[in-house]
2 protein chains.
Amino acid sequence: MEIEQSENDLFKETLSKVRHDINQGLYPPNEKLHPLYELATIYQVSRTIMEAVVDQLVEENRVTRRLGIGVFVNPKPIYSSGIEELGSVSEMIRRAGKVPGTQYVAAEVVEPTANDQANFNTLAIKSIARIERVRTADGDPVVYCIDKVDNDLVPIGQIHSQNSIFKLIEEFTNKHIQYAHTAIEPIGFHEKISAILNCRPDQPLLLLRQMHYTADNQPILYSANYFRHDVFQFHVVRKRM
Amino acid sequence: MEIEQSENDLFKETLSKVRHDINQGLYPPNEKLHPLYELATIYQVSRTIMEAVVDQLVEENRVTRRLGIGVFVNPKPIYSSGIEELGSVSEMIRRAGKVPGTQYVAAEVVEPTANDQANFNTLAIKSIARIERVRTADGDPVVYCIDKVDNDLVPIGQIHSQNSIFKLIEEFTNKHIQYAHTAIEPIGFHEKISAILNCRPDQPLLLLRQMHYTADNQPILYSANYFRHDVFQFHVVRKRM
């Protein structure tokens, strides 16, 4: 933004008007804004100021600039939480005031790989129940989940009966899932999963790969959760080391 | 992965061989692996098993499958840390045993926007020093940083003299940066920044937007840091809410 100081009041005023108009639904989520010259005419400012306003809205994550296509209004996230708080995906969706749902993509019993043995910290697991599901909020696909659990602990046949694998594990084992070790990973575009979650090619996902533990430090559930970033936003308080 | 149970030992053996060969540098970072049929010949297994091995390596983040191009070896991250630990970018690079460097992209004094006023929680800031820099590790570009600080607190002219804005702020204000409120955001591809960081179009970035505070809760520094995910990996312990 490089506008004259004298124009700054006009910039702020216009920014506040456009923000207000977005909030009021004049420009609905996922809709394209008018081209810059039209916006400048509508808000009666120069194109330079209008461009600075749009720059600022991009920085605030209110709109997304799609190269050669236009500027689009971002939907409001339905869920925002501290990343250090562990909840099941169902819990997260329910907290956002939406109804969680599940579409099963695949459920199979597989041999544990070397990686599974390392994650579960045992060679004793004979078979792994591996479940792929799309989680929905009020019917919209919002998270893609790959879960792995010891098949002797929670038989795979039971999983269809229950939305929440957390609940199921807790019912079958009488143990509470207490914490998870989680790797945070940006995903630009996932050939299969982005399409299932109705993402455009330029819509990134946040992948949380997590190993869940019980209160007595038993590794019990591995999950890879792909979150639509426009729906789930995570934050954290970082403390100086 | 859907291979016969009887083939599982062969799968594990091959996986461990390929992992070993990657670690030994037989397939260097960023290099393309041989096509599947060649790999199957080299490791003397069926294509089905070889495909399961590659799937597993993709899941472990050791390799990346680039659609229609091939499978590439991921470089080892130079830095892995708990996301709740706040360090300056210089500190992070130094901890990884590398020498931090800086390339200045832009430095300007601007009027605070409404967003800046909200972030710094004051209308009293007259001008903002806004700095864009590429941070390097042993000369390689690894993080893109946009920093904003009250220009009356730390004059922009001083910033060129010091790699670390943390240090500079602490010298000028006699206050210690103690914690930051941080939003975690995946970035698929950033028109300008991905190119500057030498990223391929399919290499995502992790953006941390953070407001830094002093021990007495004064907002003092705003930063947007774009991290190359293959270089910086963050994790977190999530506790059940």
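In what follows, chains are A, B, ... by sequence order, proteins preceding strands, each numbered from 1. Given the structure is predicted, the values throughout are model-derived calculations rather than measurements.
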Is the closest side-chain heavy-atom distance between [X] and [Y] below 4.5 Å?
| X | Y | result |
| --- | --- | --- |
| B:Arg66 | A:Glu191 | no |
| B:Ile83 | A:Ile184 | yes |
| B:Lys239 | A:Leu86 | no |
| A:Val236 | B:Leu208 | no |

Thinking salt bridges, do B:Arg240 and A:Glu84 make one under a 4.0 Å N-O criterion?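 Looking at B:Arg240 and A:Glu84, the cut-off is not met.
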Can you tell me if B:Arg200 has over 12 outside heavy atoms packed within less than 6.0 Å of its CZ?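 Yes - once you tally the heavy atoms of other residues, nucleotides and ligands closer than 6.0 Å, there are more than 12.
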Heavy-atom pairs under 4.5 Å with chain A are the metric here; pick the option from [options] that has the most.
| options | value |
| --- | --- |
| B:Phe166, B:Phe227, B:Phe189 | B:Phe166 |
| B:Gln233, B:Gln203, B:His176 | B:His176 |
| B:His229, B:Gln210, B:His181 | B:His229 |
| B:Asp202, B:Ile177, B:Leu207, B:Leu15 | B:Ile177 |
| B:Arg19, B:His212, B:Arg209 | B:Arg209 |

Check whether [X] gets within reach of chain A through its side chain, its backbone, both or neither, counting any heavy atom under 4.5 Å.
| X | answer |
| --- | --- |
| B:Tyr213 | neither |
| B:Glu13 | neither |
| B:Phe234 | both |

Tell me, for A:Ile187 versus chain B, whether the close heavy atoms (under 4.5 Å) come from the side chain, the backbone, both or neither.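 A:Ile187 touches chain B through backbone heavy atoms alone.
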Has the side chain of A:Arg238 got a donor or acceptor atom that lies under 3.5 Å from a matching backbone atom of B:Glu85?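 A pair under 3.5 Å: yes.
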Most chain B-contacting option - heavy-atom pairs closer than 4.5 Å, from A:Ala183, A:Ala180, A:Gly188: A:Ala180
Do you know the tightest heavy-atom contact between B:Pro186 and A:Pro204? O-CG, 3.2 Å
